[in-house]
Number of protein chains: 2
Amino acid sequence: MAGRPRSFDRDEALAAAVELFWRVGYDETSISMLTSAMGVTPPSLYAAFGDKSTLFDEASTLYFDRICEGVDSAAARPTAREAITVMLSETARAHTDTGTPLGCLMLTEPRLAAQREAVNARLTRRIEQGVSDGDLPPTIRPHELASFLMAVMRGMSGCARDGGSPSDVAAIARLALAAIPDPPAAT
Amino acid sequence: MAGRPRSFDRDEALAAAVELFWRVGYDETSISMLTSAMGVTPPSLYAAFGDKSTLFDEASTLYFDRICEGVDSAAARPTAREAITVMLSETARAHTDTGTPLGCLMLTEPRLAAQREAVNARLTRRIEQGVSDGDLPPTIRPHELASFLMAVMRGMSGCARDGGSPSDVAAIARLALAAIPDPPAAT
DNA sequence: TGCAATCCATAGTGAACGCTACAGAAAGAG
DNA sequence: CTCTTTCTGTAGCGTTCACTATGGATTGCA
């Protein structure tokens, strides 16, 4: 019932897989690249994580959870405008962080459309809240604004991956803010 | 000196390659997929177009030329704001055109960063012209606005590929226009 | 009709892919 | 110690990859 314990740290290996998928993408990442980066032989990898697709699911879910923390943290700001401002500037910073791969795995990987849709939904709800709080004008359509912000962040990710400087990416975020109308001044 | 003429139309075969690369992407497109789509056997493909990378260069250049026609056509509008409006709405329409693959090859394919940079440069020049014409305020930085618009269009491409409806994509374009400031009214 | 040139179809190259069978090594349980 | 269980390393499975050698088919030209 006991058996030999595994000789590697599963969490560390998974973190290495996240970094690799993030930097290279799913299709371009081979099993041999994964075993090298994770410090594990193929049979150990398959025993611990299943096949490549299952491993990617787990890795991308781990990544997604971190994204959601950032989204929730930004959404906790008192006004929707502040929430959006924080989200965009934090996105600009993260996408050009030299300590991680450039851009965003969730916004880049074609097969993660469901994650994007989930973030879009959270963003939509926060914007709806902002409308009912009166810090966004009632004329806006929350889902459309959320989709616009998702599009901008995806564009920021692509700009970062193309070698755009942190200030280039931050400028995109700053200009996007100009698209968000102020509410009519309540007297 | 004469020799047997080729039995396929080179332009038609190249157009099929463009469609396939556009729909599937460079890495995910195999030679066998290309030979099927183009109606050509591998030796004929290699004789007519060189290797896969060379074929992609030719196909993406053909695609790029069509993009540039659209950009130039939009840029010919009398004001920069009109030019941008046309460019965004035409992009929204093209990215969801059911007669072609969804999204944009140039904005999607990682190795086409040079083409994106070229479009960004054209856009920057048109915006500079708009500033000097007085139909954009002198406070804007042309390169930043161009990068913002590129980011939005890339986001529109991703939205379309994720299954966003034409009206979803068009809404992104419409909201982006709100980010462009009016010039101070010249009396 | 024969020659030279060019293209096409079959078939297969070596390499890399995702994945796994197998046997030995390392742990707890008795 | 032995037994059982689980992990590890080697080595290789079948498939697909990009790409090409070879030989026959089809043309223009003499």
Side-chain angles (χ1 to χ4, degrees), chain A residues 1-63 101 105 108-112, chain B residues 1-63 101 105 108-112:
Chain A
M1 194 60 185
R4 175 179 175 178
R6 70 162 55 94
S7 64
F8 61 94
D9 184 313
R10 193 179 189 281
D11 291 340
E12 283 180 14
L14 184 58
V18 170
E19 201 273 346
L20 192 56
F21 280 131
W22 185 356
R23 182 160 46 83
V24 183
Y26 179 80
D27 284 317
E28 291 71 23
T29 299
S30 68
I31 296 290
S32 69
M33 292 164 71
L34 285 165
T35 56
S36 296
M38 299 166 78
V40 171
T41 57
S44 299
L45 188 153
Y46 280 86
F49 298 104
D51 65 9
K52 182 183 172 184
S53 178
T54 305
L55 170 58
F56 179 78
D57 288 344
E58 188 172 351
S60 62
T61 299
L62 177 61
Y63 182 93
L105 173 62
T108 307
E109 192 60 48
R111 67 176 59 193
L112 295 182
Chain B
M1 195 60 185
R4 174 180 174 179
R6 71 162 53 95
S7 63
F8 62 93
D9 183 314
R10 192 179 189 283
D11 290 340
E12 283 180 13
L14 184 58
V18 169
E19 200 273 346
L20 191 57
F21 281 130
W22 186 355
R23 181 160 47 83
V24 183
Y26 179 80
D27 284 318
E28 291 71 23
T29 300
S30 69
I31 296 291
S32 69
M33 292 165 72
L34 284 164
T35 55
S36 296
M38 298 165 77
V40 170
T41 58
S44 298
L45 187 155
Y46 280 85
F49 297 104
D51 65 10
K52 182 183 172 184
S53 179
T54 305
L55 170 57
F56 179 78
D57 288 344
E58 188 171 353
S60 61
T61 298
L62 178 59
Y63 182 92
L105 173 63
T108 306
E109 192 59 49
R111 66 176 61 196
L112 296 182

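Computed from heavy atoms alone, side chains included, the values below leave out hydrogens, waters and symmetry copies.
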Inter-residue atom distance B/Phe8.CZ - B/Ser44.OG, 0.5 Å rounding: 5.5 Å
Would you compute the distance between atom CZ of B/Phe56 and atom CZ of B/Phe49 and round it to the nearest 0.5 angstrom? 14.5 Å
Below the 4.0 Å mark, does [N] have OP1 or OP2 next to a side-chain nitrogen or oxygen of [X]?
X: B/Ser30; N: D/dC17; value: yes
X: A/Thr41; N: D/dG9; value: yes
X: A/Ser7; N: D/dC7; value: no

Given [options], which nucleotide is nearest the side-chain atoms of [X]?
X: B/Pro43; options: C/dC8, D/dA21, D/dC19; answer: D/dA21
X: A/Pro5; options: D/dC17, C/dA9, C/dA27; answer: C/dA27
X: A/Ile31; options: D/dA18, D/dT8, C/dC19; answer: C/dC19
X: A/Lys52; options: D/dC17, C/dC19, D/dT8; answer: C/dC19

Which residue lies more 5' along DNA chain C, comparing A/Pro42 with A/Ser32 via nearest heavy atoms: A/Ser32
With a distance cut-off below 6.0 Å to the six-membered ring centre and an angular limit of 45° from the axis, does A/Lys52 pair with A/Tyr26 as a cation-pi contact? yes
Does one side chain, of B/Thr54 or B/Asp51, offer a donor that lies under 3.5 Å from an acceptor on the other? yes
If you compare all heavy atoms of A/Ala17 against all heavy atoms of A/Leu55, which two are closest, and at what distance to 0.1 Å? CB-CD1, 4.2 Å
So what does A/Ser53 hit on the nucleic acid, given a heavy-atom distance under 4.0 Å: a base, only sugar-phosphate, or nothing? nothing
How is A/Thr35 classified with respect to the nucleic acid when contacts are heavy atoms under 4.0 Å: base, sugar-phosphate, or nothing? nothing
Euclidean distance, atom [atom1] of residue [X] to atom [atom2] of [N] [Å, nearest integer]:
X: B/Leu34; N: D/dT16; atom1: CG; atom2: P; result: 17 Å
X: A/Glu28; N: C/dC17; atom1: CD; atom2: C1'; result: 13 Å
X: A/Asp51; N: C/dC17; atom1: CG; atom2: C1'; result: 14 Å
X: B/Tyr46; N: D/dA21; atom1: OH; atom2: P; result: 12 Å
X: B/Tyr26; N: D/dA18; atom1: OH; atom2: C1'; result: 9 Å
X: B/Asp27; N: C/dC17; atom1: CG; atom2: P; result: 12 Å
X: A/Leu45; N: D/dT8; atom1: CG; atom2: P; result: 11 Å
X: A/Phe8; N: D/dT8; atom1: CZ; atom2: C1'; result: 10 Å

